[in-house]
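Computed from a predicted model, the values in this text were never measured in an experiment. In the text below, chain A, chain B and the rest are named by the order of the sequence lines, each starting its count at 1.
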Amino acid sequence: MNGTMANNKEPMSDEGGNHDQLEEHMHEAMKGLGWVLPRSLDDVAQVEAELDAEGCELPPALRDPFAVLERKRADSPKAHFVPANEDTEECLAQAAREGKTISPEIRQKMQADRERVERKKEP
Amino acid sequence: MDESNQRLDSSPVTTGDFTVEEDAELLTYISWKTEYPGHARSAWAVFYARHIPFVYKVCLKVTKGTRLESHAEDLAADTMIRAFEKAGSYRDDRTLDPHGRRRRVRAWLSAIAENIINDVLRGQPLDREIDVGPDRWREFQGPANDEFVSTNFEIVEAVEEAFRTALDEREAEVLRVTMHYYDGLKKNQRLPNDVADDLARRLDTTSENLRKIRERAKKKVREFLITKFGTDPL
């Protein structure tokens with residue numbers, strides 16, 4: 001290693017020699033502190049040992065595997081707006097870009113598409 | 001969340017003992033969520049129960065003392081959801097023993113969590129889709145098996161002590177963020193500009209000054225080691 005993180009054109013560290021070893025020891029120490037996530041199988045084993053020794057109580061929201069999926073869907077903005085098809089989306093985008101009023105026909109089509117999507121989403 | 005997930009939610013759990021299946025097999029079943037939602041649902045329940053304590057533990061550890069501290073739960077949930085969505089991209093290594101194969105899956109989950117954190121540091125929303133295809137998978141594997149492993153635990157422990165006692169909050173934050181991008185095999189690594197800009201904004205400084213803060217932090221760590229050992233141990 002000739003240095004670590006850098007921004008723009010300049011490396012963050014321009015010192016060589018035993019500073020490289022310092023970077024490596026710093027990274028090891030951060031793994032020990034949990035400041036960086038485990039990457040290697042040995043890192044994982046270390047966390048597993050801690051887990052065995054200390055345990056880890058899950059918060060209620062993480063206890064149900066299906067509730068986690070459900071909660072995420074409820075949080076996702078994508079769940080609230082599902083374009084009926086690419087044409088509809090493109091028409092709306094075009095109308096928005098040109099600042100034109102949406103015609104009654106287009107509005108009717110939007111409503112029909114929305115209802116169709118809602119019906120499709122129902123179990 | 002795609003439509004196949006909705007179908008999965010309303011599918012009955014398939015009977016059969018999925019608890020005896022290995023992780024790679026469970027991930028394969030999960031990846032069949034469109035074709036066999038019942039199997040996927042059963043496999044997901046087992047896979048999730050098996051790994052969520054580990055995932056939550058690392059999320060707690062990595063966010064502790066940071067601006068993401070109150071989001072450990074969200075980070076853990078997002079990590080598992082992305083594993084669910086990208087289950088088919090996991091590549092098993094059958095040369096490993098059962099413990100090794102379990103740890104490989106957990107290293108994969110950690111890599112997903114790390115990518116989410118890096119996205120957040122870049123200002124990306126948590127629900128952004130990520131690519132975990134073959135190229136990214138290699139990235140997930142990273143330098144895992146060739147990484148530097150210190151044999152001098154005394155020095156590593158002293159460095160940990162230096163982090164806790166010798167650095168101010170700003171120096172610790174700069175080291176912490178930059179180390180998320182650390183790769184011991186690469187020379188002259190660069191912090192992505194958007195990450196550096198965000199970090200500089202949060203610390204009310206400039207991107208150029210981050211380098212100086214980082215060097216100052218390293219100097220403090222080195223001085224701490226010299227004081228502790230009476231000589232430079234590196």
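- Chain A forms the most heavy-atom pairs under 4.5 Å with one residue out of B/Leu225, B/Leu175, B/Val221, and that residue is B/Leu175.
- With rounding to the nearest 0.5 Å, the separation of CD in B/Glu160 from CE in A/Met26 is 12.5 Å.
- Residue contact with chain A, scored on non-hydrogen atoms closer than 4.5 Å, involves the backbone and the side chain of B/Ala172 alike.
- Side-chain contact check for B/Phe163 versus A/Met30: some heavy-atom pair is nearer than 4.5 Å.
- Under the 4.5 Å side-chain criterion, counting only non-hydrogen atoms from C-beta, B/Ile117 is in contact with A/Leu37.
- For A/Glu48, the salt bridge (charged side-chain N to carboxylate O under 4.0 Å, His left out) partners are B/Arg102, B/Arg103, B/Arg106, not counting sequence neighbours.
- For the atom pair CD (B/Glu161) and CG (A/Leu33), the distance works out to 11.0 Å, reported to the nearest 0.5 Å.
- The closest side-chain heavy-atom distance from A/Leu58 to B/Ile52 is below 4.5 Å.
- Distance check, rounded to the nearest 0.5 Å: CG of A/Leu69 to CZ of B/Arg41 gives 9.0 Å.
- When each of B/Tyr48, B/Phe47, B/Phe54 is checked for heavy-atom pairs under 4.5 Å with chain A, B/Tyr48 comes out on top.
- Remark: B/Arg214 engages A/Glu23 in a salt bridge, criterion side-chain N to carboxylate O under 4.0 Å.
- Across all non-hydrogen atoms, the minimal contact from A/Ala29 to B/Val159 is CB-CG1, 3.5 Å.
- Minimum heavy-atom separation, B/Glu73 to A/Ala61: OE2-CB, 3.1 Å.
- Using a 4.5 Å cut-off on side-chain heavy atoms (C-beta onward), B/Leu234 and A/His25 make contact.
- Residues A/Leu62 and B/Ala77 approach most closely at CD2-CB, 3.9 Å, considering heavy atoms.
- Other residues, nucleotides and ligands contribute only 12 or fewer heavy atoms inside 6.0 Å of the CD atom of B/Glu169.
- Within the 3.5 Å criterion, the main-chain N or O of A/Pro65 finds a donor-acceptor partner in the side chain of B/Trp44.
- Between A/Leu22 atom CG and B/Arg222 atom CZ the span is 5.0 Å, to the nearest 0.5 Å.
- Of the inter-residue distances, the one linking B/Lys61 atom NZ with A/Cys56 atom SG reads 10.5 Å to the nearest 0.5 angstrom.
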